[in-house]
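Quantities reported herein were computed from a predicted structural model and do not represent experimental measurements. When a residue number appears, it is its place in the shown sequence, counting from 1.
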Amino acid sequence: MTRLFRLAAWLLFAAIVLATLGSPSLRPQSSFGHDTEHAFAFVLLGAAFGLGYAERRMELVFAAIPLIGVIELLQLWAPGRHARIEDFVVNLLAFWVALAVANLPRLVLRR
C-alpha cells in the first residue's frame, strides 16, 4: 500500500506542476473558487505524501516549504500566470494539515 501512495504522491506532484505552469486555458477549474481549488490539490498531495512516507513526516514538513515556494515562483516566467504569497500560504497550510491528518491513525495506534 505504501508504494501505491508514493506513486500517487509523485503523480499528483507532477500534475500540480503541469497545471500550475501550463497554459491557463488547460488548467482544470471548478465552481469552488481559486483558493479552494488550491487547497484541495495540496490536501490530496499532503495526504498522499503523508501516507506514502509516514516515517519521514518531519522531512516532508520542511521540504514542502521550498518545493511549494519554487512551484509558486516559477509562475513568474510562465505566460498568463502569477506568483502570489496568498497561494503559497494556502498551498503550504493545506499540505501540512493533510500531512498531519494522514499521520493521525499512526499516532492513535501507537498509543
Side-chain angles (χ1 to χ4, degrees):
M1 207 56 177
T2 299
R3 286 185 183 182
L4 182 62
F5 284 119
R6 287 180 179 184
L7 176 63
W10 288 108
L11 289 173
L12 282 166
F13 181 74
I16 287 170
V17 169
L18 289 172
T20 301
L21 300 177
S23 171
S25 64
L26 299 176
R27 186 175 69 89
Q29 294 182 0
S30 71
S31 61
F32 293 110
H34 181 80
D35 287 342
T36 305
E37 289 173 353
H38 275 252
F40 182 70
F42 281 87
V43 160
L44 291 177
L45 188 66
F49 270 105
L51 293 168
Y53 295 93
E55 71 284 355
R56 296 182 147 198
R57 68 181 174 271
M58 287 312 296
E59 289 99 326
L60 290 170
V61 167
F62 293 109
I65 299 166
L67 287 174
I68 293 170
V70 166
I71 291 171
E72 198 61 36
L73 286 174
L74 286 173
Q75 291 182 75
L76 292 172
W77 294 277
R81 297 299 187 158
H82 56 273
R84 297 185 338 178
I85 295 287
E86 176 187 342
D87 290 346
F88 170 76
V89 171
V90 167
N91 298 347
L92 187 60
L93 290 177
F95 184 90
W96 281 347
V97 166
L99 195 61
V101 170
N103 282 293
L104 281 177
R106 189 172 175 206
L107 293 173
V108 170
L109 291 174
R110 187 182 292 167
R111 290 177 192 220

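- Rounded to the nearest 0.5 Å, atoms CG (L92) and NE2 (H38) are 13.5 Å apart.
- Put simply, V43 and L93 are part of two different groups of oily side chains (I, L, V, M, F, W, Y) that touch within less than 4.5 Å, one to the next.
- For residues 5-15, every residue pair satisfying the side chain to side chain donor-acceptor pair (under 3.5 Å) rule, not counting sequence neighbours, is listed here: R6-E55, W10-Y53.
- When hydrophobic clusters are built by joining Ile, Leu, Val, Met, Phe, Trp and Tyr residues whose side-chain heavy atoms come closer than 4.5 Å, directly or via intermediates, L11 is not grouped with F49.
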inquiry  = Please determine whether side chain to side chain contact (heavy atoms under 4.5 Å, CB included) holds for the pair L45 and F13, giving the CA-CA distance in whole Å, both sets of side-chain angles, and the decisive distance to 0.1 Å.
reply    = CA-CA 7 Å; L45 188 66; F13 181 74; 3.9 Å; yes
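- Grouped by direct or indirect side-chain proximity (heavy atoms under 4.5 Å, Ile/Leu/Val/Met/Phe/Trp/Tyr only), V101 sits with V97.
- Pairs of residues two or more places apart, or lying in two chains, that qualify as salt bridge (charged side-chain N to carboxylate O under 4.0 Å, His left out) and include a residue from residues 36-45 are R27-E37.
- Applying the side chain to side chain contact (heavy atoms under 4.5 Å, CB included) test to A39 and every residue at least two apart in sequence or in another chain returns V90, A94.
- R81 contributes a side-chain N or O that, together with a main-chain N or O of G22, makes up a donor-acceptor pair within less than 3.5 Å.
- Every residue was checked against the side chain to side chain contact (heavy atoms under 4.5 Å, CB included) condition with L18, not counting sequence neighbours, and none meets it.
- Tracing side-chain contacts under 4.5 Å through hydrophobic residues (I, L, V, M, F, W, Y), one never reaches L44 starting from L51; they form parts of separate clusters.
- Cluster annotation: L99 is connected to V89 through the hydrophobic network of ILVMFWY side chains, with a link wherever side-chain heavy atoms come within less than 4.5 Å.
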Side-chain donor-acceptor pairs of residues 60-74 under 3.5 Å, sequence neighbours excluded:
unit_1	atom_1	unit_2	atom_2	d
E72	OE1	Q75	NE2	3.2
E72	OE2	Q75	NE2	3.1
E72	OE2	R84	N	2.9

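- With sequence neighbours excluded, no residue satisfies ring-ring contact (aromatic ring centres under 6.0 Å, His included) with F42.
- Clustering ILVMFWY residues whenever any of their side-chain heavy atoms sit less than 4.5 angstrom apart, transitively, puts V17 in the very cluster that holds L12.
- Scanning for side chain to side chain contact (heavy atoms under 4.5 Å, CB included) contacts around A15 gives an empty result, with sequence neighbours left out.
- Looking at every heavy atom in both residues, A47 comes nearest to A98 through N-CB, 3.5 Å.
- Taking a 6.0 Å sphere around CD1 of I85, one finds it holds 12 or fewer heavy atoms contributed by other residues, nucleotides or ligands.
- In this structure, F32 stands alone, with no Ile, Leu, Val, Met, Phe, Trp or Tyr side-chain heavy atom under 4.5 Å from its own, directly or through other members.
- Counting heavy atoms from C-beta outward, H82 and D87 have side chains that approach closer than 4.5 Å.
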